[in-house]
Each structure stands twice: as C-alpha cells, then as structure tokens.
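Heads up: the structure comes next, in structure tokens.
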Amino acid sequence: MTRPLIHVVEDDESLRLSLLDLLRAAGFEAQGYGSTGEFLLRPLPDRPGCLLLDVRLPGPSGLELQAALASHGRDLPIIFLTGHADVPTSVRAMKAGAVDFLEKPVARDTLLEALGRALTRDAAARAARDTVRQRDARLAALTGREREVFDRIVAGRRNQQIADELGIGLRTVKAYRAQVMEKLGVTSAAELGRMAGEHGASSD
C-alpha cells in the first residue's frame, strides 16, 4: 500500500519545514516547494496524495496554480493555507474545487482532518478512473465483428435484425452476443447500453 504523498507549496521556509515535520510525524510522505514554479518543474507522480497550498506566493499565486492543474486535468485535491484570508478569495478557491481553506497558524488536528477529507476525495477519484480504464480496456478487447454486434445491441436491434444487417446467421449472432457479454462482464443489454453511454461521455 503506497503511503500518500503530501505536496506543501509554501514560501515561508520555517513554516514549510514545520509542516513537513508535522506530516512526516503523522505517517505521511511529504515534499516541500518554495514556489509555484518549483512545484511545476518537478514531475507529479501518479500516487495517492494532495496539495497543501499557500495563496500568496512569489510568482504565480496558489489560485493560479489551482487553475493550471485543473486546465491540465490533474485531479489533485487542494487544501489552501493562508495568513491573509478574505471572503472573495476563499469563495473563489472553494468554487474551483478546493477541499478546504485554512488560516495560518493552523491547529494540528484541523489540518489532519482536512487532509483526511482530501485523501478520501483522492481515493474516490482514483477508483473512478480505474473503473473507466478497466471498462475502456474491455471494450478495446472486442474484435471488429464483436464490436459491430455490440453497437447494434446497444442501438436496440434484435438478434434477427443484427443477423440481417451483418449477413450472418442467427445462431452466429447469439454466439457473438454471448462472447460480448462475457468479455465485458455484463448480463443484460441494459448494462451494455449503460457501458456504451459512459464510454461515450468520457470520450467527449
């Protein structure tokens, strides 16, 4: 089981080191960065974790980093830390998907509770992505003829209609239908339709 990696973007070195010590003592791996630019220069590993992010930073702000990650499809939960809290900034951060918006100095328990929520969100997002990858891999494993049968099943065609359209026998259609069901791990045309719809939505 991979330990979560907590990214801490904070320009105040003493606070950054203090946060890193706190996180490591709580059992996390933690990595510190002094600016948005420093964070962006390092490859972001594909592993459980979240981002503790200051609002005011040298160069691009924490809010700008939040927007950049979203625009590149990087679904990393963010907890903002700031010594200059104001309502418009906090509202903007939360509307953009931040898990929490905390004021410095932050109590240990408050921070760990926010981290728990962020990591729960990260785990749910990862599970959803894994489900999508598995579904797409099963669809990609269909042969050309199986895909033709699959497309017609989800379009509502009956077996005889599929046979007529593809110029194959009814028994052959039934055999292909069974193969498609088995490969995709479903038991009904309704499940096939739902899978096709979800695949189409994620491909848009």
Side-chain angles (χ1 to χ4, degrees), residues 1-137 198 201-202:
M1 189 77 174
T2 304
R3 281 195 300 165
L5 174 61
I6 313 301
H7 304 274
V8 180
V9 183
E10 167 60 62
D11 62 321
D12 183 324
E13 184 177 9
S14 62
L15 177 56
R16 184 172 67 251
L17 293 176
S18 176
L19 287 168
L20 293 173
D21 287 343
L22 184 158
L23 293 168
R24 289 164 182 158
F28 300 110
E29 284 191 44
Q31 178 68 57
Y33 314 83
S35 67
T36 294
E38 185 181 343
F39 174 80
L40 290 173
L41 284 173
R42 300 193 194 181
L44 189 59
D46 183 15
R47 58 181 291 187
C50 66
L51 177 60
L52 289 181
L53 180 58
D54 195 2
V55 175
R56 296 187 180 182
L57 291 161
S61 70
L63 290 172
E64 289 171 320
L65 175 56
Q66 181 188 34
L69 290 173
S71 69
H72 288 86
R74 301 309 301 264
D75 190 14
L76 186 66
I78 295 174
I79 298 167
F80 278 101
L81 293 173
T82 182
H84 309 278
D86 62 78
V87 173
T89 301
S90 63
V91 168
R92 179 180 168 188
M94 298 302 286
K95 280 188 174 181
V99 174
D100 216 329
F101 195 91
L102 306 176
E103 288 191 64
K104 304 172 187 175
V106 60
R108 176 183 181 277
D109 289 347
T110 300
L111 177 58
L112 293 180
E113 286 172 7
L115 282 171
R117 291 192 295 274
L119 294 174
T120 296
R121 180 184 293 186
D122 183 60
R126 288 178 174 276
R129 290 196 294 271
D130 286 344
T131 297
V132 169
R133 281 194 290 265
Q134 292 169 14
R135 180 203 66 211
D136 290 349
E198 291 170 351
S202 64

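Everything quoted here is computed from the prediction, not taken from an experiment.
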So Cys50 and Asp122, do their side chains get closer than 4.5 Å, heavy atoms only? no
Under 4.5 Å between any side-chain heavy atoms of Leu57 and Leu65, yes or no? no
Non-neighbouring partners of [X] that pass salt bridge (charged side-chain N to carboxylate O under 4.0 Å, His left out), sequence neighbours left out:
X      : answer
Arg117 : Asp100
Arg108 : none
Asp75  : Arg129
Arg74  : none

Output all residues satisfying side chain to side chain contact (heavy atoms under 4.5 Å, CB included) with [X], sequence neighbours left out; order by chain, then residue number.
X      : answer
Thr110 : Leu102, Val106, Ala107
Leu17  : Glu13, Leu20
Asp109 : none
Thr89  : Val55, Leu63, Asp86, Phe101

Tell me the side-chain hydrogen bond (donor to acceptor under 3.5 Å, both in side chains) pairs involving residues 17-31, sequence neighbours left out? Glu29-Arg47
Would you say Arg3's side chain and Gly27's backbone share a donor-acceptor pair under 3.5 angstrom? yes
Indicate the atoms forming the closest heavy-atom contact of [X] with [Y], along with that distance.
X      : Y     : answer
Val99  : Pro77 : CG2-CB, 3.8 Å
Leu112 : Ala26 : CD2-CB, 4.0 Å
Leu5   : Pro45 : CD2-CG, 3.8 Å

Mind checking side chain to side chain donor-acceptor pair (under 3.5 Å) for Asp12 and listing every partner two or more places apart, or none if nothing turns up? Ser14
Above 12 or not: heavy atoms from other molecules or residues under 6.0 Å from CG of Asp130? yes
Between the side chains of Arg16 and Asp54, is the shortest nitrogen-to-carboxylate-oxygen separation below 4.0 Å, so that they form an ion pair? no
Apply the test side-chain contact (heavy atoms from CB on, under 4.5 Å) to residues Leu111 and Leu19: give CA-CA distance (whole Å), side-chain angles for both, the deciding distance (0.1 Å), then the verdict. CA-CA 10 Å; Leu111 177 58; Leu19 287 168; 3.8 Å; yes
All pairs passing salt bridge (charged side-chain N to carboxylate O under 4.0 Å, His left out) where residues 59-68 contributes a residue, at least two apart: none
Kindly determine whether Leu69 and Ile78 satisfy side-chain contact (heavy atoms from CB on, under 4.5 Å), including the steps that lead there. CA-CA 10 Å; Leu69 290 173; Ile78 295 174; 4.2 Å; yes
Restricting to ring pair (Phe, Tyr, Trp, His ring centres under 6.0 Å), what partner residues turn up for Phe39, sequence neighbours left out? His7, Tyr33
Kindly indicate, with the supporting measurements, whether the criterion side-chain contact (heavy atoms from CB on, under 4.5 Å) is fulfilled by Ile6 and Leu119. CA-CA 9 Å; Ile6 313 301; Leu119 294 174; 4.2 Å; yes
